[in-house]
Structures are given as structure tokens and as C-alpha cells.
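A quick write-up on the structure given underneath.
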Amino acid sequence: MPTLKTVRVVFGNFELEGCGNPARREEYYDLLRGLDPHLIGRTEVRGVGPGHDYLFAVEDALTPPGRPHLRPRGILGGPAVADLRTAVFFRPDVFRPARRNNPQPPASVWGCPPTSVDLSLTAHPAATRELVFTAAHHHYASPPARALEGQELTKAADRRDPADRTSEFPNGRPREALIVLDANSYPAPGVPGDTPPPAPDDVRDRSHVAHRFVLTEDGRHVPDTYSDRILRTAGMEDIARHLALTTGRTDVLAPAAGYPDQGGPCRIDRAYGTKGLLTAVEDFRVVQTTGLSDHPLLLISLSYRRLAEVLTP
């Protein structure tokens, strides 16, 4: 296998891939395969029946024609109250699973349990540290529920490897983490070029004001930015925000979704990485899927060399 230079991570809310049209669904997967992803996070999956036929079908759809050795492996998250799940797919020639993190029990805080797996680099045995990769989907209608879910996601940055002890971290260094997330809420404003959250008076769907805004004691509705702020407090950074602040690029802050009656385009689909992981980020791109899905795809490019260095003690 030629030396891999770039690891491509694709994620997004794929609920309506193909928009119910089989031909468009095939076109959607042609687009996805064309991005040649090594790691995929699906933050919304519907229509999963008994067994794992869904995983087999998607693995098959993601396999490049005539290249069965590049067939990805899928992991499906636990069921939500509604017909909703998350999922992770990874190329075994690039990543191997060290462990799947414990699935959330039905009584957990999660409306839709995340899919999380600790990954190692397949062809780099010296890289014994692990990458915690998590695909998550926040509650659609409840800021308090999203606050609890955001707190739960901080555990990704707190997962420690007791075999990787240092004087700074005597109980084990935290693993590197990458979270891809349909946040159903907003990033904290203030980054030049970012799309600001809508004003509540501009949201025609009034139920959406209750879903995406927090009522303050003085009677104002302010955008829900809790998950973004708590993840960054926990040492992870919004990757698009990171690139915008370090390179001055604003194209990375392109909106990921948003209906006109809900306040218009916004960045509710986001990715968060730990400090070491951020040093491997080369690019972030919003891939439009107009007519094929209600959400675009988001593509993160990572330097394989730098990622291997970060995961090598």
C-alpha cells in the first residue's frame, strides 16, 4: 500500500440521503465514495431494522467498485426513543478498533446514544496511543437535555490510558479525541466571519425558539451555546473555529444546515478535537449536497504523519 499522506474524515447528519429517491441515494453515495473517506461519522440514522442489514448495506455502498479490500467496517449506536441512531465507519487498512466504549443504557441522559470507539493506526505499531472517535447527536428540542449530553461528551477528553503515564499525568495521559456532532444548538459567537445565531424575533417557527433558545431570568431568549462552551472548556476545540482563528480563513465557517423558518443557515454540525489532534488538521471543508440531503457533508483532512506522531508515546 502506498504511504498514506492524508487521513480524510467525513461526517454529517445523513438522515435524508437521497431524499427518499433511490437514484438520488445512489448519487449521494457516489459523492461520498468520491471523497475517499477513511473515517466516517453519521450523526443521524433512521430506518434501521432488526439485525445488522443496515450496516452491511452501507458498508457495501461505501466500498469502491472493484476494490473490496477497501470495504469499511461499521459500528451502529444504540437505539433512541425515536427511530434514530448514530454510527461510525472506518477503513481497516488505516484504523483498527482497540475497544468500543460502553453503550449508553436506555435510562441514560442521551436522547440518541453516541457511537464511540477507541482506534489505533493499523500500519503504525509504534503509535500505541489511541484516538477516541465519537459520532453524537444532541437532543432536538431541549436545551437542558443538550447541556447534560454536552457534559457527557467531555468524558471523551477525560478517557485516560493508565499504560501511558507521565510526570504531568501520573494516572495516565488523556487519549486524543475527535467528536463529530449534530449539536442542534449554536457555537458561541465572536469569531470573525462566523454565521451568527439568529435573533429569536426572526424565527417564524415559534416552537423552534423553545427548542434552540434559553429563557433568562429577565425574560430574554438567548441562543443555546452551552455544548460548544463546555466542550471547549474541557480542552477540545471547534475545528472550523480553530482553523479560522489560526489561518484567517472564513470559508471553513460555512453554515452546515438550517431552514428559513428556523432562522436560516447556521453551524449546528461541528467537529471538536483535542490539542494534539488539532496539530494534525490540514483542512476543513463543507461539501454541499443540494438535492441529495438536508445536511451537507463535512470533510476534515488530517496529516497521517502528524497523527502518527501524536499517537506515538
Side-chain angles (χ1 to χ4, degrees), residues 9 11-13 41 43 86 101 109-110 114 116 130-139 142-160 168-169 173-198 212-214 216 222-258 265-286 298-302 306-307 310:
V9 184
F11 73 98
N13 178 329
T43 59
T86 57
N101 299 329
V109 301
W110 286 93
S116 185
E130 295 160 0
L131 173 66
V132 183
F133 182 61
T134 303
H137 185 281
H138 275 338
H139 198 289
S142 172
R146 290 193 295 268
L148 288 173
E149 292 170 343
Q151 244 1 109
E152 285 291 304
L153 283 179
T154 63
K155 293 178 180 178
D158 192 48
R159 288 181 58 79
R160 295 175 181 270
E168 184 180 5
F169 298 103
R173 264 202 297 179
R175 293 177 173 92
E176 297 295 336
L178 174 59
I179 296 172
V180 296
L181 171 67
D182 180 340
N184 276 324
S185 56
Y186 307 104
V191 178
D194 204 357
T195 303
R212 296 283 174 86
F213 291 78
V214 178
T216 65
V222 298
D224 175 19
T225 61
Y226 180 85
S227 184
D228 174 68
R229 289 183 287 113
I230 195 61
L231 287 171
R232 291 193 290 111
T233 298
M236 290 175 280
E237 184 56 88
D238 172 352
I239 290 177
R241 176 190 178 105
H242 165 75
L243 280 178
L245 291 174
T246 56
T247 68
R249 290 175 54 188
T250 57
D251 61 295
V252 297
L253 299 170
C266 55
R267 279 202 312 118
I268 64 168
D269 293 343
R270 300 190 294 276
Y272 292 83
T274 46
K275 184 176 180 180
L277 187 281
L278 290 174
T279 67
V281 174
E282 294 181 325
D283 195 18
F284 182 94
R285 185 159 63 94
V286 178
L298 294 100
L299 171 64
I300 306 169
S301 298
L302 303 173
R306 181 58 192 144
L307 182 61
V310 168

* Structure fact -> Applying side chain to side chain donor-acceptor pair (under 3.5 Å) to Thr250 and not counting sequence neighbours gives none
* Using side-chain hydrogen bond (donor to acceptor under 3.5 Å, both in side chains) as the criterion, point out the one residue from Thr247, Asp251, Thr246 that pairs with Arg249. => Asp251
* To do: Assess the side chains of Ser185 and His138: does a donor N or O sit below 3.5 Å from an acceptor N or O?
  => no
* Structure fact -> In terms of heavy-atom contacts, Ala157 and Thr274 come closest through CB-CG2, 4.2 Å
* Exercise: identify the closest heavy-atom pair between Val180 and Ala271 -> CG1-CB, 4.2 Å
* To do: State, to 0.1 Å, how close Ala156 and Ile179 come at their nearest heavy-atom pair, and which atoms those are.
  => CB-CD1, 3.9 Å
* pair Tyr186-Pro196: side-chain heavy atoms closer than 4.5 Å -> no
* To do: Calculate, to the nearest 0.5 Å, the distance between atoms CG and CD1 belonging to Leu302 and Ile239 respectively.
  => 7.0 Å
* Structure fact -> So CZ of Arg285 and CG of Leu298: to nearest 0.5 Å the spacing works out to 10.5 Å
* From CA spacing to verdict: side-chain contact (heavy atoms from CB on, under 4.5 Å), Leu153, Tyr272 -> CA-CA 10 Å; Leu153 283 179; Tyr272 292 83; over 6 Å; no
* Asked: Looking at side-chain heavy atoms only, is the closest gap between Leu277 and Leu307 below 4.5 Å?
  -> yes
* Check: Arg306 and Val281 side chains under 4.5 Å, non-hydrogen atoms -> no
* Structure fact -> The residue among Asp228, Thr134, Leu231, Ile268 that forms side-chain contact (heavy atoms from CB on, under 4.5 Å) with Leu181 is Leu231
* Structure fact -> Contacts of Lys275 meeting side chain to side chain donor-acceptor pair (under 3.5 Å) (sequence neighbours excluded), chain-then-number -> none
* **Closest approach of Leu253 to Val191 (non-hydrogen atoms, all atoms of both residues)** => CD1-CG1, 4.1 Å
* **Approximate separation, where rounding is to 0.5 Å, of Met236 CE and Ile230 CD1** => 9.0 Å
* Beyond-backbone contact of Pro144 with Tyr226, side-chain heavy atoms, under 4.5 angstrom -> no
* **Side-chain donor or acceptor of Glu176 paired with backbone N/O of Gly276 under 3.5 Å** => yes
* Side-chain (Arg212) to main-chain (Asp224) donor-acceptor, under 3.5 angstrom -> no
* Structure fact -> Residues Pro265 and Pro255: closest non-hydrogen pair is CB-CB, 3.4 Å
* **Point-to-point distance, once rounded to the nearest 0.5 Å, from CZ of Arg267 to CG of Asp194** => 4.0 Å
* Test side-chain contact (heavy atoms from CB on, under 4.5 Å) applied to His139 - qualifying residues, sequence neighbours left out -> Ala141, Ser142, Ala145, Arg146, Glu149
* Measure the CG-OG1 distance between Asp269 and Thr43 for me, rounded to the nearest 0.5 Å. => 5.5 Å
* For the atom pair CZ (Arg159) and OG (Ser116), what is the distance rounded to the nearest 0.5 Å? -> 6.5 Å
* With a 4.5 Å heavy-atom cut-off, do Arg241 and Pro187 have their side chains touching? -> no
